[in-house]
Enquirer: 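Below is the structure I would like to discuss, written out as structure tokens.
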Amino acid sequence: MSTPTTLFDKIWDAHVVKAMEGGPDAVFIDRHFIHEVTSPQAFDGLRKRGIGVFNTKRTTATADHNVPTKDQHLPIKEALSRHQVETLRKNCAEFGVELYDLGHPFQGIVHIIGPELGLTLPGMTIVCGDSHTSTHGAFGNVAFGIGTSEVEQVLATQCILQYKPKRMRINVNGQLANGVTSKDIILYIISKISASGATGYFVEYAGDTIRGLSMEARMTICNMSIEMGARGGLIAPDETTFEYIRGRRFAPQGEAFDEAVAHWQTLKTDEGAEFDVELNYQAEDIGPMITYGTNPGMGIKINDHVPNLNEIPESELASYTKSLAYMGLEPGAELLDKPVDYVFIGSCTNARIEDLRTVAEFVKGKKKAEGVEVWVVPGSVQVSNQAKAEGLDQVFLEAGFELREPGCSACLGMNEDKVPAGKYCISTSNRNFEGRQGPGARTFLASPITAAAAAVTGKVMDVRELV
Amino acid sequence: MANETLHKLVASATPLPIENIDTDQIIPARFLKATTREGFGDNLFRDWRYNADNTPKADFVLNNPTYAGAQILVAGKNFGMGSSREHAAWAIHDYGFRVVISSFFADIFKNNALNTFVLPAQVSDAFLAEVFKAIEANPHTQITVDLENQEIVLENGVKESFAINAYKKACLMNGYDDIDYLLSLNEEIKQYDLAHTNFE
């Protein structure tokens, strides 16, 4: 009998073209996603070497970080953003890579479109020059973010040289309270293990709470694996996964789909397989979460208080004090009832149709609070169209929310959507770093429903009292 | 960046004793719009370094002339967390740093630094404290980073070794990169790709 093996090892080992003795593995990449920010210098590298893209069928491009979320039919106003998107266009045309450009029905945030098009499938290796590539792991594959030199490696050779990470399993079991979502699960885990707690590891999420989540909720969890330092996160595929994939544009169809499912069913960690680290959490211990600081590990239950100075280890005091000063908060402060200026519902963490439905259901018949700016930004053209078909756009309109066009939007300050200096934004995105949403912007990370509650009340609320 | 090599560096260092420095601080997103690798050094630590009106912040270490010409950056633990943007490593390199010393590096940053010929030298918390102390005592103190012997030596003789994979060490010392190696596997990769069609 063979040694019990983890799902991560099974996928990784199956993709090693060549292991270098005492060095990294050359790992074959099934699917390479590219976008305008991290690819131009990689294409330049190919040009300098006089080589092409190894296998254009395995590469898919879209424009997302720099795109405006208003008037997308017009040329991009900002010259550098426009140039970067135009460079992507030229590179894709020259090298024969499929591009879902602005105006294309498949355009959207790279980590939203992969799954919804059926390009993201179980058992694959997937990379992209973007750290949130870990999102795709929700389908039971090995997906991780890479730098531009590595984008060049994959374009040139369909392989990447990598040291195999260690293995961690995080089990979550039990019943979540009403109003507590997958975003709260992952913010809770990161707050427990810190922003560097999983550095060097690939994380498998398991347990009955995880099993009970929808694919979209699973993607939210895997998306934020990088925020605890993990290279990636994955969840073994199951019936929920197969049902999500069935019928998607580029997924196997008919008999080929059944054959694929038979293979995908073998993709799981064997009983008795060993992990380097194993952690256990109970769903009952998790409440709605919010971050107060400037990294995603600085999170608390929404009805808890910001840590006092005596609760912080001495070595971290300098960073902690700097962080609170940036956020304009005092040690020991309560965040409940804290007024917010902006609400951003979007990003590769929470801009899928399920997120928009959750928000719409909560705000139906309600109005946004006066003085609060509310942006709802779908993750893709398909999500946008679906929201309109379901009448969610009307709900948002009546509530005074702004439903914008798809893109990365106010997750990071690369496009026009920025939060002004000093303003507080409750955001469903993944990072609360200094200046992330614009220089001086102050970000509270939370779930879509917590963001929706802030939109209608104008302040930080415990949604358990409202649902 | 290929063809650049790193063997032994004796240089002064810039201290940045802050933990969890993320890639958005190293190079803010709005400066990622260039389509070449040059010029990122001007915006290294942009928002810590400059006021909104682009005047330098007097109290930020990169604006302190005492540390001009330093080729080593010494930073608090968990350096480079966050984005996979290699631009962060390019900015560090373009500014003139060849080595970053910290007690912990984020994973993707470490790869990006190595691919950009910047050495991420990971040391113990205790040794990192020694390095900060030495710089505090003398901002011009010379630190020796000896890649061949995998050792960092302070002027007072206090030293510590650091780990680096033999392959990556050879790349830095000989100035070759991963693509050179991967291109040499071309035939094997083609064979693998052909035999591996079950996802298409």
Side-chain angles (χ1 to χ4, degrees), chain A residues 17-18 20 22-24 26 28 30 37-38 40-41 44-45 49 54-55 57 66 80-81 83-84 87 121 123-124 129-131 145-150 152-153 156-159 161 163 165 195-196 199-200 229 231 260 263 295 315-316 318-319 322 412-414 421 431 433-436 439, chain B residues 1 17-25 28-30 32-37 46-48 52 76-78 81-90 104-109 111-112 115-116 125 165-168 170 177-179 181-183 185-186 188-193 196 198-200:
Chain A
V17 174
K18 188 163 185 158
M20 186 194 297
F28 187 83
D30 292 311
V37 183
T38 54
Q41 296 86 352
D44 273 348
R49 288 172 200 266
F54 185 89
N55 183 347
K57 283 194 198 134
N66 278 276
L80 290 174
S81 288
H83 177 65
Q84 211 169 41
T87 303
L121 298 173
M124 282 184 161
D130 187 290
S131 60
I146 57 176
T148 298
S149 295
E150 294 166 325
E152 188 180 334
Q153 286 174 31
T157 70
Q158 209 57 46
C159 278
L161 268 191
Y163 295 95
S196 61
T199 302
R231 207 64 209 283
H263 168 60
N295 76 53
S315 65
E316 290 167 26
S319 300
K322 185 178 188 304
L412 87 175
M414 279 201 79
R431 287 193 178 136
F433 296 159
E434 281 186 33
R436 175 81 179 174
Chain B
M1 318 261 159
I18 299 168
E19 294 187 353
N20 298 317
I21 294 176
D22 60 74
T23 46
D24 278 70
Q25 307 322 312
R30 62 189 187 281
L32 304 185
K33 298 184 187 185
T35 52
T36 65
R37 291 180 188 232
R46 179 78 201 191
D47 293 336
W48 290 355
K77 93 172 171 207
N78 198 26
M81 64 181 280
S83 164
S84 71
R85 60 182 76 155
E86 194 167 302
H87 313 60
W90 299 342
F104 199 85
F105 289 95
D107 241 9
I108 305 180
F109 175 81
N111 277 349
N112 286 342
N115 286 335
T116 306
D125 286 326
N165 177 273
Y167 166 76
K168 278 295 173 190
D177 63 28
D178 292 349
I179 299 187
Y181 170 74
L182 286 172
L183 285 171
L185 302 181
N186 194 276
E188 282 159 277
I189 299 170
K190 272 189 186 158
Q191 292 306 319
Y192 181 95
D193 193 4
H196 184 78
N198 50 329
F199 301 114
E200 296 199 353

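Labels below follow one simple rule: chain letters A, B, ... track the order of the sequence lines, proteins then strands, and each chain is numbered from 1. All values below come from the heavy atoms of this structure, side chains included, with hydrogens, waters and symmetry mates left out.
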Enquirer: Give the member of B/Gly82, B/Ala166, B/Ala106 that has the highest number of heavy-atom pairs under 4.5 Å with chain A.
Expert: B/Gly82
Enquirer: Using non-hydrogen atoms and a 4.5 Å limit, figure out which bit of A/Ile146 sits close to chain B: side chain, backbone, both or neither.
Expert: backbone
Enquirer: Hey, which of B/Asp125, B/Asn20, B/Thr23, B/Thr36 has the most heavy atom pairs under 4.5 Å with chain A?
Expert: B/Thr36
Enquirer: Heavy atoms only: give me the nearest B/Thr35-A/Asp44 pair and the separation to one decimal.
Expert: O-OD2, 3.6 Å
Enquirer: Give the member of A/Gly145, A/Gly229, A/Gly45 that has the highest number of heavy-atom pairs under 4.5 Å with chain B.
Expert: A/Gly145
Enquirer: Between A/Cys159 and B/Leu185, is any pair of side-chain heavy atoms under 4.5 Å apart?
Expert: no
Enquirer: Check the orientation of B/His196 and A/Phe28. Use parallel for under 30°, tilted for 30 to 60°, and perpendicular for over 60°.
Expert: perpendicular
Enquirer: Enter the distance from A/Leu412:CG to B/Arg85:CZ here, rounded to the nearest 0.5 Å.
Expert: 6.5 Å
Enquirer: So which atom in A/Gly147 and which in B/Ile108 form the shortest heavy-atom distance, rounded to 0.1 Å?
Expert: N-CG2, 4.4 Å
Enquirer: Is B/Asp107 in contact with chain A via its backbone, its side chain, both, or neither, using a 4.5 Å heavy-atom distance?
Expert: both
Enquirer: For the residue pair A/Lys18 and B/Ile189, establish whether any side-chain heavy-atom pair is separated by less than 4.5 Å.
Expert: no
Enquirer: Can you find a pair of side-chain heavy atoms, one from B/Tyr181 and one from A/Met20, that are under 4.5 Å apart?
Expert: yes
Enquirer: Is B/Glu86 reaching over with its side chain to a backbone N or O of A/Thr148, donor-acceptor style, under 3.5 angstrom?
Expert: yes
Enquirer: For A/Ser196, is it the side chain, the backbone, both or neither that has a heavy atom under 4.5 Å from a heavy atom of chain B?
Expert: both
Enquirer: Heavy-atom distance under 4.5 Å between the side chains of A/Glu150 and B/Asn111, does that happen here?
Expert: yes
Enquirer: Rounded to the nearest 0.5 Å, what separates atom OG1 in A/Thr157 from atom CD in B/Glu188?
Expert: 12.0 Å
Enquirer: Taking all heavy atoms of A/Ser315 and all of B/Glu19, pick out the closest pair and write down the distance.
Expert: O-OE2, 3.2 Å
Enquirer: Passes side-chain contact (heavy atoms from CB on, under 4.5 Å), A/Thr38 versus B/His87? Steps please.
Expert: CA-CA 9 Å; A/Thr38 54; B/His87 313 60; 4.0 Å; yes
Enquirer: Give the member of A/Thr87, A/Leu161, A/Asn295 that has the highest number of heavy-atom pairs under 4.5 Å with chain B.
Expert: A/Leu161
Enquirer: Which residue out of A/Pro24, A/Ala156, A/Ala318, A/Gly435 racks up the most heavy-atom pairs below 4.5 Å with chain B?
Expert: A/Pro24
Enquirer: Where does B/Asp178 contact chain A at under 4.5 Å (heavy atoms): side chain, backbone, both or neither?
Expert: both
Enquirer: Write down the atom of B/Lys33, the atom of A/Met414, and the distance for their closest heavy-atom approach.
Expert: NZ-O, 3.0 Å
Enquirer: Locate the shortest heavy-atom distance separating B/Ser83 from A/Ser131; write the atom from each residue and the value.
Expert: CA-OG, 3.8 Å
Enquirer: For the backbone of A/Gly22 and the side chain of B/Asn165, can you confirm whether one donor and one acceptor N or O come within less than 3.5 Å of each other?
Expert: yes
Enquirer: At a 4.5 Å cut-off on heavy atoms, which part of B/Phe105 comes close to chain A: side chain, backbone, both, or neither?
Expert: backbone
Enquirer: Is there a donor-acceptor pair under 3.5 Å between the side chain of A/Gln41 and the backbone N or O of B/Ala34?
Expert: yes
Enquirer: Return the CG to OG1 distance between B/Asn78 and A/Thr199, rounded to the nearest 0.5 Å.
Expert: 5.5 Å
Enquirer: If you take all heavy atoms of B/Ile179 and A/Ser149, which pair is closest and at what distance?
Expert: CD1-O, 4.2 Å
Enquirer: Below 4.5 Å, heavy atoms only, C-beta onward: do A/Glu152 and B/Asp177 meet side chain to side chain?
Expert: no
Enquirer: Is it the side chain or the backbone of A/Arg431 that comes within 4.5 Å of chain B heavy atoms, both, or neither?
Expert: side chain
Enquirer: Can you tell if the side chain of B/Asn186 reaches within under 4.5 Å of the side chain of A/Phe54, non-hydrogen atoms only?
Expert: yes
Enquirer: Is any side-chain heavy atom of A/Pro439 less than 4.5 Å from a side-chain heavy atom of B/Arg30?
Expert: yes
Enquirer: If you define the side chain from C-beta out and look only at heavy atoms, does anything of A/Arg436 sit under 4.5 Å from B/Asp22?
Expert: no
Enquirer: Supply the atom-to-atom distance B/Ile18 CD1 to A/Glu316 CD, rounded to the nearest 0.5 angstrom.
Expert: 14.0 Å
